[in-house]
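Report on one structure; see the data block that follows.
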Protein chains: 2
Amino acid sequence: MPFTYQYPHPAVTVDGVVFGFDEADLKLLLIRRRIEPHMGDWALPGGFVGIAESLEDAVRRKLRDETDIDHLYLEQLYTFGEPKRDPRERVISVAYYALVKLSEHKVRATTDALEVAWFPVAKLPELAFDHERIVEVGLQRLKAKVRYEPIGFELLPEKFTLGELQRLYETVLEQPLDKRNFRKKILGMELIEALDEYQQDVAHRAAQYYRFKRQRYELLRKRGFNFEL
Amino acid sequence: MPFTYQYPHPAVTVDGVVFGFDEADLKLLLIRRRIEPHMGDWALPGGFVGIAESLEDAVRRKLRDETDIDHLYLEQLYTFGEPKRDPRERVISVAYYALVKLSEHKVRATTDALEVAWFPVAKLPELAFDHERIVEVGLQRLKAKVRYEPIGFELLPEKFTLGELQRLYETVLEQPLDKRNFRKKILGMELIEALDEYQQDVAHRAAQYYRFKRQRYELLRKRGFNFEL
DNA sequence: TCAAAAGTGTTAACCATACACCCATGC
DNA sequence: GCATGGGTGTATGGTTAACACTTTTGA
């Protein structure tokens, strides 16, 4: 028992609310806990922050360890610090939310997780601790942010069709969008460019692929441009 | 040295970024530290979180103790957790930002502060730790939020003139607004009501006083209404 | 009578919305 | 040839932006 302090210290953890998008569903990454408390229950990936490690490094490490996910859009979400969140001791959890290109990542359980899986956000299992609340805040944030920052592209593969992009927005915002107006608006921003590539082997007219012009967006943003759906 | 843990624990603090508005200036509340490190330097009000105390309770307690400010709009801002923020030990700080009606609060130094004062945000002194960075994030948030939530009213007295309200927006957003368009927009929302009261003893035509209809706003918000500048 | 801020409407440009049909492909 | 999603333009109404003079008051 070597770590002693003059005043009581809470434990600090990080939790990741990791979203992916898959054809028609917004999905959330969960792990099944290998240890107590809540052993065997589904929970957000996360864990204790190392004493000399930044918060963001801690989340990235946990996601790498527990799920093999690397390379993602990551942003701090909120800090949950109610005194009775964890039965063991006072635990303050800094939650991050992350967006990953689902099709480009295979997840697999590693050290702390019995199992790792993507769940449609509409059909989540019961979650450990107050993780349900954390997911709720994450969803709210995603929904708010997708409207005024081009983060939707983080959920899609490099090449995508306008149909896929529109379905993504409709799913996240939970409302249908007019196809012609959507295309007019997106194309009008000149933030995505058409490729000379089309879908293959689809049972209907093949859609053209597009790519997000990240550099152009960064440039425009510096000049005061604001993305808005 | 009674508090011992199996793994090292960081200390957790809260810091308050407290804004006020005064005639023509956006102001920030600072304290001069009574203790090391950074004794005598200006810093954000804040301190360690009690082991059985929620984060928000901790900020409120600190603001009461150090400055006598009670009753304020308070919201979590961001959590700063870089390993070397504090020379003593690993300290993770959960920052909150707060808006107060400057004219209705007299601040005074109490337990931990040698001195307490309001500084115009444009002319801040050097700050302890990474508090400059925290203030920057707070300002950014205020600027973003004031556009789509009616938080400006938290900075004004109960009764205010449209001129005061406009100056507040111009100050926070750092851009001039057209008087006629501003009034049209604000009055069109029907969120503020005119009182039968006018300025006294002003060297120009006396302005009418208005009041924010908070209840009506809450009602409209539940029905899906969105405030926007 | 001057200075200082309050108060007040109209017009033109732009943007958001609503809406329907033909196209290409695989089965 | 049919089912499926891709792709395209216009007209209307509403919203935003630009703009200048009169009023009231105290010094």
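The figures here come from the full heavy-atom set of this structure, side chains too, leaving out hydrogens, waters and symmetry mates. By convention in this document, chain letters (A, B, ...) are assigned in the order of the sequence lines, proteins followed by strands, and residues within each chain are numbered from 1.
Side-chain contact check for Glu136(B) and Gln140(B): no donor-acceptor pair (N or O, by modelled atom type) lies under 3.5 Å.
Using a 4.0 Å heavy-atom cutoff across all strands shown, Gln199(A) reaches no nucleic acid atom at all.
First and last contacts of DNA chain D with chain B, using any nucleotide atom under 4.0 Å from a protein heavy atom and ordered 5' to 3', fall at dT16(D) to dG26(D).
The shortest heavy-atom contact between Ala113(A) and Ile31(A) is CB-CB, 3.8 Å.
Non-hydrogen atoms lying under 4.0 Å from DNA chain D are contributed by Asp178(B), Arg180(B), all within residues 169-180 of chain B. Of the residues in residues 144-168 of chain B, none lies under 4.0 Å from DNA chain D by heavy-atom distance. Interface residues of residues 181-196 of chain A facing DNA chain C, ordered by number: Asn181(A), Lys184(A), Lys185(A); criterion, heavy-atom separation under 4.0 Å.
Rounded to the nearest 0.5 Å, atoms CG (Leu74(A)) and CD1 (Ile69(A)) are 11.0 Å apart. For the atom pair CE (Met39(B)) and CZ (Arg34(B)), the distance works out to 10.5 Å, reported to the nearest 0.5 Å.
Applying the side-chain hydrogen bond (donor to acceptor under 3.5 Å, both in side chains) criterion to Arg205(B), with sequence neighbours excluded, gives no partner residue.
Which of dG7(C), dA4(C), dC23(C) sits closest to the side chain of His204(B) comes down to dA4(C).
Between Glu75(B) and Lys145(B) a salt bridge is recorded (basic side-chain N to carboxylate O distance below 4.0 Å). A salt bridge links Lys62(B) and Asp112(B); the closest N-O separation between the charged side-chain nitrogens and carboxylate oxygens is under 4.0 Å.
Counting only residues at least two apart or on different chains, the ring pair (Phe, Tyr, Trp, His ring centres under 6.0 Å) pairs with a member in residues 196-225 of chain B are Phe153(B)-Phe212(B).
Proximity of a side-chain donor or acceptor of Arg85(A) to a complementary backbone N or O of Phe129(A) within less than 3.5 Å is not detected.
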**Message:** I'd like to know whether Phe21(A) forms a ring-ring contact (aromatic ring centres under 6.0 Å, His included) with Phe19(A), so could you lay out the CA-CA distance, the side-chain angles of the two residues, the decisive distance to 0.1 Å, and finally the verdict.
**Reply:** CA-CA 7 Å; Phe21(A) 181 73; Phe19(A) 293 108; over 10 Å; no
